[in-house]
Amino acid sequence: MTCKSLAVRLVCALSMLLACAAAPATVCRNPYIDGMETVIDRTKTLLGPDTTDIRRIRLFISSDEGVPFVQSNFRSANPDKPGEFSDYPTKIRDKGVDSIESALLNIIFWGTPPDNADAIVREALDHAEIFVDSKAFDQSGRLHLTVERDIKVRLAAKGQPVTTGELKLLHLKKPPPALTEVISGCCVRGRPPGHGTRIMASLKERPFKTDDFTFFSMVVDSGTTATIMALPALRSATDRIGTLPERWADRLDTALTRSAGKNLVVMGHIEGKDVVVTNARQEVLYSIPIAQLRAKAREHNVDLLLLGCDTAAFIERETAGLGIAGLFNTAAAARKLEAALTNSSSVADVVTNMASTDFVFVAYEEKGGYGYAGASVFAKVAGESHTARIFRLLALRKKGQ
């Protein structure tokens, strides 16, 4: 990790300057970056007293017109005057800063970093208190800056801390990670953070009657079918639909028609944006876009839950790893669903009851789900630092709601 991660490094070191110009890349150790005076003053109150101790660093991560902005309370050592420190804490506004580590490297070191810079940055991160502005992530919780490890994060808005559940990073295959909020127990989170209470309330408002829902499997697999038929709740829910036609398109329409006014759980494989039916030779027998399935559910006045299992091939391709994610399959999903339904009276209950330390549910509200609330389920990939999505659970509103 070196300063070369910055495309340009402009250090405003002249004491006669009252501000650092808002250039495309700015590392500033003077009072202000030009044009950001109000933000910097407000954030200084949030970060508290200045420090020269790396174990007491506080950071505020935001963006300014799409450019990453990081403000600290840390005054760095002057490389030209041993024992002296910058008069003001370091601030960075820089398109070239792509990670919290690279930002912290430039915050701590004024000049050429020492050989043990990486270790010093890691120690600083272990103790840093980090505030993330809501402008620093998108609707799915993806941060503008990546981070290579778990960190302690709090949410802030307009210079004030925001009360939320515990915030945790969700490390995905491709950086940057997503910031999520713990909203129930150990393993149900929401994104984007700051909306946890509303997300859970949205799922709680969606009733789920365990003795009156219907179940439709779009999986052509004898082992999965045998598992479903051996599970009392899923078998009864399958029997409520009755005999179905041969063609898959007709089967789906019949299942939707016979589920009017009820919850319909559809289980199938998801590839990209489609639910697909494949045979043992992996030949596609039927495919329907998720968006079209949503539209059909509304047309039939059905509150639909899609238990969409990402295929093993998809998981291996995306994660390049095996382990719990690679071994997950539709039969396992069916058994987990059966167990979760025992005490469920809402979609929130279904999500909470299915979640575990192995399967982290990340729920989202309508705004983040293009008008639909639901959850994606992630599992740790063995031997890797990231997680993989193993299935999706989408809840749709009934027509007219």
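At a threshold of 4.5 Å between non-hydrogen side-chain atoms, the residues Phe213 and Leu341 count as touching. For the pair Ile228/Ser217, a side-chain contact is recorded, criterion being any heavy-atom separation below 4.5 Å from C-beta on. With a 4.5 Å cut-off on side-chain heavy atoms, Phe74 and Pro89 do not count as touching. Between Leu145 and Ile61 the shortest side-chain heavy-atom distance falls below 4.5 Å. Between Phe137 and Pro193, the closest side-chain pair of non-hydrogen atoms falls below 4.5 Å. Annotation: side chain of Val275 is not in contact with side chain of Tyr286 (no heavy-atom distance under 4.5 Å). By the 4.5 Å heavy-atom criterion applied to side chains, Val362 and Phe378 are counted as neighbours. Arg258 has its side chain out of reach of Thr214: every pair of non-hydrogen atoms, C-beta onward, lies at least 4.5 Å apart.
There is no side-chain donor-acceptor pair under 3.5 Å between Ser140 and Arg191. Side-chain atoms of Ser102 and Ser99 include a donor-acceptor pair closer than 3.5 Å. Donor-acceptor pairing under 3.5 Å is lacking for the side chains of Asp50 and Tyr88. No side-chain donor from either of Asp98 and His144 sits under 3.5 Å from a side-chain acceptor of the other. A side-chain donor-acceptor contact under 3.5 Å links Asn353 and Ser344. A donor-acceptor contact closer than 3.5 angstrom is absent between the side chains of Asp53 and Thr51.
Checking side-chain atoms of Lys336 against main-chain N and O of Ala331 turns up no donor-acceptor pair under 3.5 Å. Here the side chain of Asn116 pairs no donor or acceptor atom with the backbone of Ala119 at under 3.5 angstrom. Formation of a donor-acceptor pair under 3.5 Å by the Ser346 side chain with backbone atoms of Asp349 is found in this model. A distance-only check finds no donor-acceptor pair linking the side chain of Asp64 to the backbone of Phe69 [under 3.5 Å]. In this structure, Arg75 contributes its side chain and Ser86 its backbone to a donor-acceptor pair below 3.5 Å. The backbone N or O of Val284 sits nowhere less than 3.5 Å from a side-chain atom of Thr278 that would complete a donor-acceptor pair.
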**Request:** Dump the intermediate steps for salt bridge (charged side-chain N to carboxylate O under 4.0 Å, His left out) on Arg154 and Glu129, then the final yes or no.
**Result:** CA-CA 8 Å; Arg154 295 176 64 187; Glu129 186 171 358; 3.1 Å; yes

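Distance check, rounded to the nearest 0.5 Å: NZ of Lys273 to CD of Gln292 gives 14.5 Å. The CZ atom of Arg142 sits 8.5 Å away from the CG atom of Leu170 when rounded to the nearest 0.5 Å. Taken to the nearest 0.5 Å, the NZ atom of Lys204 stands 13.0 Å off from the CD1 atom of Ile199. From Leu59, atom CG reaches atom OG of Ser72 across 6.5 Å, with rounding to the nearest 0.5 Å. Thr238 contributes atom OG1, which lies 9.5 Å from atom CZ of Arg235 (distance to the nearest 0.5 angstrom). Rounded to the nearest 0.5 Å, atoms CD1 (Ile33) and CG (Asp94) are 9.5 Å apart.
Remark: Lys296 engages Asp253 in a salt bridge, criterion side-chain N to carboxylate O under 4.0 Å. With salt bridges taken as basic N to acidic carboxylate O contacts below 4.0 Å, one links Glu123 and Arg55.
The shortest non-hydrogen separation linking Ala355 to Val188 is CB-CG2, 3.7 Å.
Results of the side-chain contact (heavy atoms from CB on, under 4.5 Å) test with Val132 over Ile151, Val153, Leu167, Val162 single out Val153 as the only residue that passes.
Heavy-atom contacts from other residues, nucleotides or ligands closer than 6.0 Å to CZ of Arg56 number 12 or fewer.
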